[in-house]
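Beneath this line is the structure, given in structure tokens, with notes to follow.
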Amino acid sequence: MLSKREVFDGVPEEYLSHKERYENAIRNSVVAFSLVRKMQEEGKTSINNYRDVVGGLLGSSVLRDGSPLGLHYIMFMPAILNQANEEQQEKWLPRAWNCSIIGSYAQTELGHGTFIRGLETTATYDAATKQFVLHSPTLTAYKWWPGGLGQTANYCIVVAQLYTKGQCHGIHSFIIQVRDEETHMPLPGIKIGEIGAKLGLNAVNNGFLGFDNYRIPRTNMLMKHAQVLEDGTYVKSRHSKLNYGAMVFVRVVIVFDMVNYLSKAVTIATRFSAVRRQCQLKAGETECQILDYVTQQHKLFVSIAAAHAFRITANKLWLTFNEVNEQLVEGNLQRLPELHALACCLKAVTTADTAACVERCRLACGGHGYMMSSSLPLTYGLVTAACTYEGENTVLLLQTARFLVKTYQQLDSKALTPTVAYLKTAAAERFCVGWSNTTEGIIRGFQVVAMRVIIMSTFNEEVQEMSRTVSPQLKEVLHQLVDLYCTYWALEKLSDLLLYTPISQKEVESLRLRYEETLTNLRPNAVGLVDAFDLRDEMLQSTLGSYDGRVYERLMEEAMKSPLNAEPMLQSTLGSYDGRVYERLMEEAMKSPLNAEPVNYTFHKYLKPFMQGKL
Ligand SMILES: CC/C=C\C/C=C\C/C=C\C/C=C\C/C=C\CCCC(=O)SCCNC(=O)CCNC(=O)[C@H](O)C(C)(C)COP(=O)(O)OP(=O)(O)OC[C@H]1O[C@@H](n2cnc3c(N)ncnc32)[C@H](O)[C@@H]1OP(=O)(O)O
Ligand SMILES: Cc1cc2nc3c(=O)[nH]c(=O)nc-3n(C[C@H](O)[C@H](O)[C@H](O)COP(=O)(O)OP(=O)(O)OC[C@H]3O[C@@H](n4cnc5c(N)ncnc54)[C@H](O)[C@@H]3O)c2cc1C
């Protein structure tokens, strides 16, 4: 087992080079994921329920800027589980589960990410050799973005246009070896490397992949849903979108991820706001905690409520995902469109809201929120990526809108699925709901507006259940959070409510008063509410959000760790004697050090022993 000592001890990631970050991430990842293997040996996790374990590791401080092995667990294995037939699962899953092969998921191309029916990579069946020929006909056909593909994965799921007997049958998935298992060298006909530095997730080792008439066995097409027989006959899937299953799964998992990030950010900002004293409410008094300002409460408290709303919603979505997948196994596809729309909507809304809330938490901490040591800039970089990957948010909301419009159009002719039953109510009341400044009144108002109800009604439903099992005091605080979340969004979306509901000016004014009253009521419990997320300092990794409140001492301790403070000679990067500052920056930017060598040393020293179970 690797000791922590072999990792860049003590030097914060921010001061590592691009290449050192990757090497650091490999070392940390093999240590972290060796734990998964150990837990599997002890029967504490299994291939069917590793989400929490792997999710905990991927969200931990050890892998705080992502992992080159993340996609292996997040998409490579779920794609095999979701799209490979039994024979293929028997062949590939054991090797993937014990990490003797490391995979990625290669769907997006330089030219296409959203419009996957327009992907250009081709897989053409050759009946004479019983092989598929993979080819990238253009530069825009190169796979671009797959996590871990740059220097780490030796296999990947590739999504390509399937051709057989001269006919195109659309996109299908294939499992493809891209590197030699012994030497880790790219195989002949494979062009592969990393795509370079990004806004965040710089430890994920996103890569590019091009094929030059690269041959794979017919049996490497994932054939659970559609098949190509030896003679090239195409057997189509029961539902053309069953091959999109891996994306639905990750969208569901991303909602859980947002809960973790939002809880961390609002814990950091709220605790800092309890420590930070700035300005006097009355001349001569001691400076007050910034958490006492209503403006600060307005910035932060809705994020506490949102973290609970998203957690409840994520759990409800996970239950729905598992229910629908059990029905799919029995051949019942009835709720697949609803699951797809729900996963699209909740992935888009929770990522967009979390990115906005994390940025607001950063801004609420003033200059100290801008320090990397606060962990808020890193967290923002992580969550804002989620607005793009696994389906760009705009496009996913359009998918939801498409489903809602279709559902509404069939309102009288079709039984409604659970998550859209509210449309019947809204339609029955013909948009003339009486407005009441109550939680129920606001939700009903949003049902009329339609787009936000799914999170709101799930949240409300769960809280009702919760009220039967919690103390009166906690019940009161939780209802304050429900109130806060509802009145916040009612005021945020006032234009819709004014357009679609009879809310009066007087009611809007009392809504505003009610909102501020709720903020005041929540203030005494604000720190307790974020403490209840029970996030240890090691997970927050933040000078501002530590439990003991020693903000200033920690800021100084972290500042002193900068190598620039340690040795004046390191100032050379900016103040080099020859003054060639801009040339040096350009030289550095043009280098992609990881591509300078075909195989990084960490493969032989760490990755290969890990894959052989020798670590
Ligand atoms: C196990 C995990 C362990 C731990 C994880 C824990 C922590 C980590 C947490 C989270 C993960 C963190 C990091 C992940 C990091 C990176 C991963 C990112 C990887 C990627 O980005 S992979 C690439 C993702 N790409 C996309 O999502 C592409 C987006 N585009 C599309 O999905 C499609 O193009 C489309 C849906 C926009 C349009 O598709 P289309 O053109 O084929 O369809 P139409 O619009 O014409 O609609 C036709 C019809 O089909 C229905 N439909 C569409 N999609 C689906 C679907 N997926 N399922 C079911 N049905 C679908 C649509 O509704 C229409 O139906 P209708 O009845 O005809 O209206
Ligand atoms: C950090 C990160 C990790 C990733 N990891 C992977 C991975 O492991 N594997 C993988 O395959 N991919 C991965 N991706 C790629 C990701 O899935 C795509 O970036 C995403 O699907 C968006 O596609 P795109 O980049 O082509 O953007 P585009 O689709 O080109 O979007 C650009 C703009 O066009 C708009 N637009 C596009 N289509 C429409 C439309 N029909 N109507 C209205 N507006 C539209 C979008 O809203 C957006 O504003 C990753 C991306 C990131 C950022």
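One-based numbering, in listed order, for ligands and for the atoms of each. Side chains included, hydrogens not; waters and symmetry mates left out as well; all remaining heavy atoms used. Being a predicted model, the structure only gives us computed values, none of them experimental.
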Handout entry: Residue, atom name and distance, where the atom is the protein heavy atom closest to atom 41 (N) of ligand 2
Key = Val395 CG2, 4.6 Å

Problem - Main-chain N/O of Thr121 paired with Glu109 side-chain donor or acceptor, under 3.5 Å - result: yes

Exercise for the section: Note the single closest protein heavy atom to atom 62 (C) of ligand 1, along with its residue, its atom name and the distance in Å. Expected result: Gln399 OE1, 3.6 Å

Handout entry: Under 3.5 Å: N/O of Leu398 near N/O of ligand 2
Key = no

Problem - Shortest protein heavy-atom distance from atom 18 (C) of ligand 2, along with the residue and atom involved - result: Thr108 OG1, 4.0 Å

Handout entry: Structural part of Val159 in contact with ligand 2, heavy atom criterion under 4.0 angstrom
Key = neither

Handout entry: atom 57 (N) of ligand 1: the protein heavy-atom neighbour that sits closest, reported with distance to 0.1 Å
Key = Tyr244 CB, 3.2 Å

Practice task
Indicate yes or no: at least one non-hydrogen side-chain atom of Met77 is less than 4.5 angstrom from one of Tyr50.
Solution key: yes

Handout entry: Glu390: numbered ligand 2 atoms lying under 4.0 Å from its heavy atoms
Key = 17 (O)

Exercise for the section: Heavy-atom contacts with Gly147 under 4.0 Å: which atoms of ligand 2 show up? List them by number with element. Expected result: 7 (C), 8 (O)

Practice task
Check whether any side-chain N or O of Gln88 sits under 3.5 Å from a backbone N or O of Asn85 as a donor-acceptor pair, and report yes or no.
Solution key: yes

Handout entry: Aromatic contact, His172 with Tyr234 (centres under 6.0 Å)
Key = yes

Problem - Exercise: do Gln177 and Tyr214 side chains pair donor with acceptor under 3.5 Å - result: no

Problem - Which of the ligand 1 atoms, numbered from 1, are nearer than 4.0 Å to a heavy atom of Ile116 - result: 28 (C), 31 (C), 33 (C), 34 (O)

Problem - Contacting atoms of ligand 1, where contact means under 4.0 angstrom from a heavy atom of Gly113 - result: 28 (C)

Practice task
Report yes if some N/O of Gly391 lies less than 3.5 Å from some N/O of ligand 1; otherwise report no.
Solution key: yes

Fill in the blank from the handout: So the atoms of ligand 1 within less than 4.0 Å of a heavy atom of Val395 turn out to be 37 (C)

Problem - Protein contact to atom 69 (O) of ligand 1 [nearest heavy atom, distance to 0.1 Å] - result: Arg402 NE, 2.6 Å

Handout entry: Ring centers of Tyr125, Phe132 separated by less than 6.0 Å
Key = yes

Practice task
Using a strict cut-off of 4.0 Å, indicate which atoms of ligand 1 neighbour a heavy atom of Val253.
Solution key: 5 (C), 6 (C), 9 (C), 10 (C)

Problem - ligand 1 versus Phe249: contacting region, heavy-atom distance under 4.0 Å - result: side chain

Exercise for the section: Using protein heavy atoms only, decide if any is under 4.0 Å from atom 3 (C) of ligand 2. Expected result: yes

Exercise for the section: Provide the closest heavy-atom pair for Leu119 versus Gln161 in the form atom of the first, atom of the second, distance. Expected result: O-NE2, 2.9 Å

Practice task
Answer yes if a protein heavy atom lies under 4.0 Å from atom 14 (N) of ligand 2, otherwise answer no.
Solution key: yes

Exercise for the section: Would you check the N or O atoms of Tyr389, main chain and side chain alike, for any that come under 3.5 Å of an N or O of ligand 2? Expected result: no

Handout entry: Protein contact to atom 13 (C) of ligand 1 [nearest heavy atom, distance to 0.1 Å]
Key = Tyr389 OH, 3.4 Å

Handout entry: Residue, atom name and distance, where the atom is the protein heavy atom closest to atom 47 (O) of ligand 2
Key = Glu392 OE1, 2.6 Å

Completion exercise
Numbered in order shown, the ligand 2 atoms found under 4.0 Å of a heavy atom of Leu71 are 8 (O)

Problem - Ring-ring centroid check Tyr389 Trp145, cutoff 6.0 Å - result: no

Practice task
Specify side chain, backbone, both or neither for Tyr50, according to which of its non-hydrogen atoms lie closer than 4.0 Å to ligand 1.
Solution key: side chain

Exercise for the section: Among all protein heavy atoms, pick out the one at the shortest distance from atom 9 (N) of ligand 2; state its residue, atom name and that distance to 0.1 Å. Expected result: Tyr105 O, 2.9 Å

Handout entry: Nearest-neighbour protein heavy atom for atom 19 (O) of ligand 2, which is reported as residue plus atom name and distance
Key = Thr388 CG2, 3.7 Å

Problem - Shortest protein contact, atom 7 (C) of ligand 2 (heavy atom only) - result: Pro146 CA, 3.5 Å

Practice task
Considering only NZ, NE, NH1 and NH2 on the basic side and carboxylate oxygens on the acidic side, decide whether Glu41 and Lys38 come within less than 4.0 Å.
Solution key: no

Practice task
Examine the proximity of ligand 1 to Met75 and report which part, side chain or backbone, both or neither, has a heavy atom under 4.0 Å away.
Solution key: side chain

Fill in the blank from the handout: Quick note on ligand 2: atoms under 4.0 Å from a heavy atom of Gln107 include exactly 11 (O)

Exercise for the section: Please write down residue, atom name and distance for the protein heavy atom closest to atom 25 (N) of ligand 1. Expected result: Gln107 NE2, 3.1 Å

Exercise for the section: Taking the side chain as every heavy atom from C-beta outward, state whether Val178 and Val158 have any pair of such atoms under 4.5 Å apart. Expected result: no

Practice task
Decide whether an N or O pair under 3.5 Å exists between Ser104 and ligand 2.
Solution key: no

Exercise for the section: Establish, from distance only, whether the side-chain atoms of Ser29 and Tyr606 form a donor-acceptor pair under 3.5 Å. Expected result: no

Practice task
May I ask you to check whether Arg117 has an N/O atom sitting below 3.5 Å from an N/O atom of ligand 1?
Solution key: yes

Handout entry: Check: Leu397 and Val349 side chains under 4.5 Å, non-hydrogen atoms
Key = yes

Handout entry: Which residue and heavy atom of the protein sit nearest atom 61 (C) of ligand 1, plus the separation
Key = His340 CD2, 3.4 Å

Problem - Heavy atom of protein closer than 4.0 angstrom to atom 25 (O) of ligand 2 - result: no

Handout entry: pair Leu58-Phe33: side-chain heavy atoms closer than 4.5 Å
Key = yes

Practice task
Pull out every atom of ligand 2 sitting under 4.0 Å from any heavy atom of Leu201, numbered as shown with elements.
Solution key: 1 (C)

Fill in the blank from the handout: the protein heavy atom lying closest to atom 6 (C) of ligand 2 turns out to be Trp145 O, 3.7 Å

Handout entry: Gln151-Asn205 side chain donor-acceptor pair, cut-off 3.5 Å
Key = yes

Exercise for the section: Output yes when the distance from some N or O of ligand 2 to some N or O of Gly113 is under 3.5 Å, and no in every other case. Expected result: yes

Practice task
Give the residue and atom name of whichever protein heavy atom lies nearest to atom 51 (C) of ligand 1, and the separation in Å to one decimal.
Solution key: Lys241 CG, 3.9 Å

Completion exercise
Of all heavy-atom pairs linking Phe403 and Glu338, the shortest is CZ-CA, 3.5 Å

Practice task
Considering only non-hydrogen protein atoms, determine which one is nearest to atom 30 (O) of ligand 2 and report residue, atom name and distance to 0.1 Å.
Solution key: Thr114 OG1, 4.9 Å

Practice task
Flag atom 34 (O) of ligand 2 as yes if some protein heavy-atom distance to it falls below 4.0 Å, otherwise no.
Solution key: no

Completion exercise
the protein heavy atom lying closest to atom 21 (O) of ligand 1 turns out to be Glu390 N, 2.9 Å

Exercise for the section: Using a strict cut-off of less than 4.0 Å between a Lys/Arg side-chain nitrogen and an Asp/Glu carboxylate oxygen, indicate whether Glu14 and Arg64 qualify as a salt bridge. Expected result: yes

Exercise for the section: Please identify which atoms of ligand 1 are closer than 4.0 Å to at least one heavy atom of Arg251. Expected result: 26 (C), 27 (O), 29 (C), 32 (O)

Practice task
Below 4.0 angstrom from a heavy atom of Thr108, which ligand 1 atoms are there? Numbered from 1 as shown, please.
Solution key: 23 (C)

Problem - Under 3.5 Å: N/O of Trp144 near N/O of ligand 2 - result: no

Practice task
Please verify whether a non-hydrogen atom of Phe403 lies at under 4.0 Å from ligand 1.
Solution key: no

Handout entry: Over 12 foreign heavy atoms within 6.0 Å of CD, Glu538
Key = yes

Exercise for the section: Decide whether the shortest distance between a heavy atom of Trp145 and an atom of ligand 1 is less than 4.0 Å. Expected result: no

Practice task
Could you tell me whether the side chain of His225 and the main chain of Gln83 form a donor-acceptor pair under 3.5 Å?
Solution key: no

